[in-house]
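Okay, structure first, notes after.
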Amino acid sequence: MNQLLTTLGQSGDLAIYLLIDMAVAIALLGGIRFTMGFIDNVDTKDELSQKDNFAYGISMAGAVACHGYCTKWRNHW
């Protein structure tokens, strides 16, 4: 980690900010998964891993993409 910070020429604060950003992104992705399962009244783990439901995976990917697009362009509207 020290080599990365030396290479980037940044302080240790940058690494903390990046870790916080990654934690927030992972929490949002997990939240989308559980919210879709709650709204659809299905077990997302069963749909994706046991049944290998391709359509449900595509639907979830679309929801994640839409969330990312809306979050990125939120301030431009």
Side-chain donor/acceptor pairs under 3.5 Å, residues 55-66, sequence neighbours excluded:
none

- Spacing of Thr35 atom OG1 and Leu28 atom CG [to the nearest 0.5 Å]: 10.0 Å

- Note on the structure: d(Phe34 CZ, Ile39 CD1) to nearest 0.5 Å is 14.0 Å

- Item | Hydrophobic cluster membership, Met36 vs Val42, 4.5 Å side-chain cutoff | yes

